[in-house]
> 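Dropping a structure here in structure tokens format, bear with me for questions.
Lettering of chains follows the sequences in order, A, B, ..., and the numbering in each one begins at 1.
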Amino acid sequence: VAARGCGAVWRRARQRGAVGPGPGPSAFPRGHRAVACNARGGALSAGKSGVAPWIPVVGLEIHAQISSNSKLFSGSQVQFAAPPNSLVSFFDASLPGTLPVLNRRCVEAAVMTGLALNCSINKKSLFDRKHYFYADLPAGYQITQQRVPIAVNGSLSYSLCIDNKMNQMVTKTVRIKQIQLEQDSGKSLHDDTRSQTLVDLNRAGVGLMEVVMEPDMCCGEEAAAAVRELQLILQTLGSSQAVMAEGQLRVDANVSVHHPGEPYGVRTEVKNINSIRFLAKAVDYEIQRQIEELENGGTILNETRAFDSKLGCTVPMRDKEGKQDYRFMPEPNLPPLILYDAKSLPANMNHQQVINIDWIHERLPDLPSVKREKLVEQYGILPEHSFTLLNEDGLAEFFESVVKQTQMKPKKVIGWILNDLLSYLKQHSLTVKESPVSSFLLADLLNLLEKKEISSTAAKQVLAELWKGEGKTPLEIVKEQKLELLQDQKELEEICQAVIDGQENEVIMTVLG
Amino acid sequence: QKVSVEVLDHLEHLALVDFRDSEGVERLQKAIQFANQLHEVNTDGVEPMDSVLEDRWCLYLREDDVTEGNCTKELLENAREKAEEYFVAPPG
């Protein structure tokens with residue numbers, strides 16, 4: 001569901017008795033509405049105490065694992081969960097004498113994503129080395145694109161609901177600074193009991209697209225909505241499966257606050273955010289923490305903090321003393337990446353070696369925003385409905401399938417999909433694919449309702465029975481539970497007469513009264 | 001021009017190399033002096049060069065096929081310490 005909109009205000013932090021080393025979890029008062037910026041972004045007046053309002057500023061760095069068979073610069077397999085160090089080539093382990101060889105599919109994925117985000121694709125982009133020491137980075141550097149990335153200057157539109165009624169949606173835009181190709185690192189498992197780190201390089205060298213979003217957002221809900229939309233786009237393109245739980249989509253948030261008219265405040269980077277829900281919480285917590293710190297006369301350090309999901313707060317990360325010097329240098333083993341379009345296509349080159357931006361552009365699938373528009377136009381449903389349909393994997397297809405198989409109008413069908421089917425699935429934590437009620441069965445049921453063979457109440461009863469997945473058809477259940485609507489006029493009159501006859505007194509009272 | 005203590009600290013931290021004896025520092029200063037001769041060349045309006053091959057060096061694009069991996073045993077042979085197919089490294 002599209003995120004609820006921000007309607008409230010960033011209130012002045014409540015005065016606290018003692019100022020400790022930092023607000024702990026209790027600093028987030030229960031019942032306090034976490035989010036607060038107005039629909040246009042930015043702060044509203046703070047209220048009675050006359051303190052200048054705060055404008056929170058949120059930027060995001062998102063790493064999306066490219067959906068490919070093999071890694072960015074080597075031929076080892078990309079797969080989640082495999083025996084440790086089994087998906088590692090000599091290059092991934094950084095053995096001497098090995099060289100990077102660029103995977104064509106990864107470049108196409110980045111171009112698709114850049115085009116979907118309205119970026120300019122750089123026909124010439126470069127690779128660089130970013131140096132730092134860590135056990136899961138065997139080479140001592142990561143190959144990335146720092147000087148000239150593959151795509152720049154794009155935008156992403158996303159929607160929020162203003163007010164809780166989900167009636168009005170507002171569209172916002174965040175600028176995309178750039179998209180760059182880079183290597184993922186391996187995984188470190190910290191074994192504190194034996195004072196050692198276990199390193200698995202299966203993930204080392206997997207292709208990543210880093211998407212940098214400018215600080216155009218102002219609260220957790222905006223950040224969450226933007227990431228959700230990006231996730232849907234990536235999944236639609238197929239360039240990344242973007243499942244956060246499997247580490248295919250990782251988000252770092254850059255947060256700062258300042259007073260209107262003043263320069264941006266010192267920003268902190270928040271890492272270790274494992275879900276979209278936690279992203280909103282982490283960002284809002286950090287905004288609140290910074291406001292309280294500053295209002296209590298403290299300062300904000302330019303540091304990296306980790307989000308602790310159990311406590312719901314951010315904590316400073318260890319091992320981050322001073323600014324990192326990555327000593328960027330051009331990757332000497334890779335020449336520039338050259339991309340072509342219809343105009344610049346070279347005549348006599350092996351076309352397996354050529355990537356044509358226009359060719360890719362022509363084959364882009366419908367993006368979520370376009371799909372939603374089409375659903376609204378074709379079926380006459382509300383925009384909010386289209387959001388919910390696309391938000392649930394497989395739900396839009398289910399809806400369209402039911403519409404095809406029933407005479408009931410789509411505007412009525414949508415109610416059954418969103419209110420009945422979806423709430424049942426949510427209650428039982430099922431995906432659309434796992435639904436015990438198929439689109440065929442539901443359509444069958446809705447047809448009975450549409451032909452007035454059963455009442456709406458009866459239909460709900462039948463549906464409840466269908467959930468049990470016992471293989472009965474709607475018609476069988478209707479007959480079993482005697483839920484048919486009586487159509488015969490004479491039979492109805494007889495029943496009514498019998499009721500009236502049995503309740504003479506009440507009838508007389510009703511007629512008199 | 002002398003190399004300051006802060007710069008030395010920084011370099012040692014980055015490179016994980018300890019070269020604090022006076023011979024080391026002397027060597028470093030000479031190396032920097034030698035490299036600084038590059039500044040005498042006027043490079044205004046000249047694009048940095050990636051390779052002497054210039055645009056004759058084409059970036060080869062590989063097909064997305066799985067052709068490597070599955071050599072855990074071989075890779076772990078080089079490890080000074082291992083634990084059940086993981087490389088072992090110091091903490092933190």
Side-chain angles (χ1 to χ4, degrees), chain A residues 68-71 73-78 83-93 95 101-108 126-127 131-133 135-136 138 186 188-192 194-202 318-319 322 325 327 330 332 334-338 349 352-355, chain B residues 3-19 28 31-32 35 38 43 46-92:
Chain A
S68 60
N69 298 324
S70 56
K71 296 183 180 180
F73 293 118
S74 70
S76 36
Q77 192 181 2
V78 175
N85 293 306
S86 61
L87 309 176
V88 185
S89 69
F90 288 1
F91 171 77
D92 304 328
L95 297 188
V101 186
L102 183 56
N103 179 338
R104 188 200 157 86
R105 158 71 189 161
C106 293
V107 180
E108 289 171 345
L126 306 171
F127 290 101
H131 300 82
Y132 63 94
F133 289 112
D136 58 27
S188 299
L189 304 171
H190 297 285
D191 183 359
D192 293 322
R194 286 194 201 87
S195 210
Q196 62 187 17
T197 304
L198 301 178
V199 178
D200 173 14
L201 298 177
N202 283 348
R318 53 189 177 121
D319 273 5
D325 181 349
R327 296 179 294 161
L334 293 169
L337 171 61
I338 309 292
M349 230 175 113
Q352 191 272 338
Q353 287 300 311
V354 170
I355 292 186
Chain B
V3 181
S4 71
V5 176
E6 284 83 25
V7 171
L8 286 173
D9 276 342
H10 188 55
L11 287 173
E12 283 188 335
H13 181 75
L14 287 175
L16 297 184
V17 170
D18 175 21
F19 52 91
L28 175 64
I32 294 174
L38 289 171
T43 56
V46 180
E47 274 299 301
M49 181 177 72
D50 298 300
S51 153
V52 292
L53 298 172
E54 298 197 333
D55 48 3
R56 277 167 295 160
W57 186 19
C58 290
L59 179 52
Y60 177 76
L61 294 172
R62 181 177 60 82
E63 279 303 306
D64 186 26
D65 298 319
V66 176
T67 56
E68 298 175 283
N70 269 309
C71 49
T72 317
K73 229 168 136 209
E74 265 179 293
L75 290 174
L76 288 173
E77 264 169 28
N78 277 336
R80 196 184 67 162
E81 227 190 302
K82 44 188 169 248
E84 274 181 51
E85 301 186 322
Y86 286 95
F87 293 99
V88 176

> Answer with side chain, backbone, both or neither: which region of B:D65 has an atom nearer than 4.5 Å to a non-hydrogen atom of chain A?
backbone
> Please determine, among A:M349, A:Q352, A:Q77, A:K71, the option with the most heavy-atom pairs under 4.5 Å with chain B.
A:Q352
> Where on B:L75 is there a heavy atom nearer than 4.5 Å to chain A: the side chain, the backbone, both, or neither?
side chain
> Assess whether side-chain contact (heavy atoms from CB on, under 4.5 Å) is satisfied between A:V107 and B:L61, documenting all intermediate values.
CA-CA 9 Å; A:V107 180; B:L61 294 172; 4.2 Å; yes
> Can you list everything that forms a salt bridge (Lys or Arg N to Asp or Glu O under 4.0 Å) with B:R56? Sequence neighbours excluded, please.
none
> Where does A:R327 contact chain B at under 4.5 Å (heavy atoms): side chain, backbone, both or neither?
side chain
> Check whether A:V78 gets within reach of chain B through its side chain, its backbone, both or neither, counting any heavy atom under 4.5 Å.
neither
> With a 3.5 Å cut-off and no angle check, do the side chains of A:S70 and B:R62 form a donor-acceptor pair?
yes
> Heavy-atom pairs under 4.5 Å with chain B: which of A:I338, A:N69, A:L189, A:L337 has the most?
A:N69
> If you count heavy-atom pairs under 4.5 Å between each of B:L14, B:V88, B:T67 and chain A, which one has the most?
B:L14
> Donor-acceptor check, side chain of A:S86 to backbone of B:N70, threshold 3.5 angstrom: yes or no?
no
> Tell me if a side-chain donor or acceptor on B:E68 pairs with a main-chain N or O of A:F90 at a distance below 3.5 Å.
no
> Quick one: list whatever passes ring pair (Phe, Tyr, Trp, His ring centres under 6.0 Å) with A:F127, sequence neighbours left out.
A:F73
> For A:L102, which atoms come within 4.5 Å of any heavy atom of chain B: side chain, backbone, both, or neither?
both
> Side chain from CB out, backbone as N, CA, C, O: work out which of these in A:P336 comes under 4.5 Å of a heavy atom of chain B, or both, or neither.
both
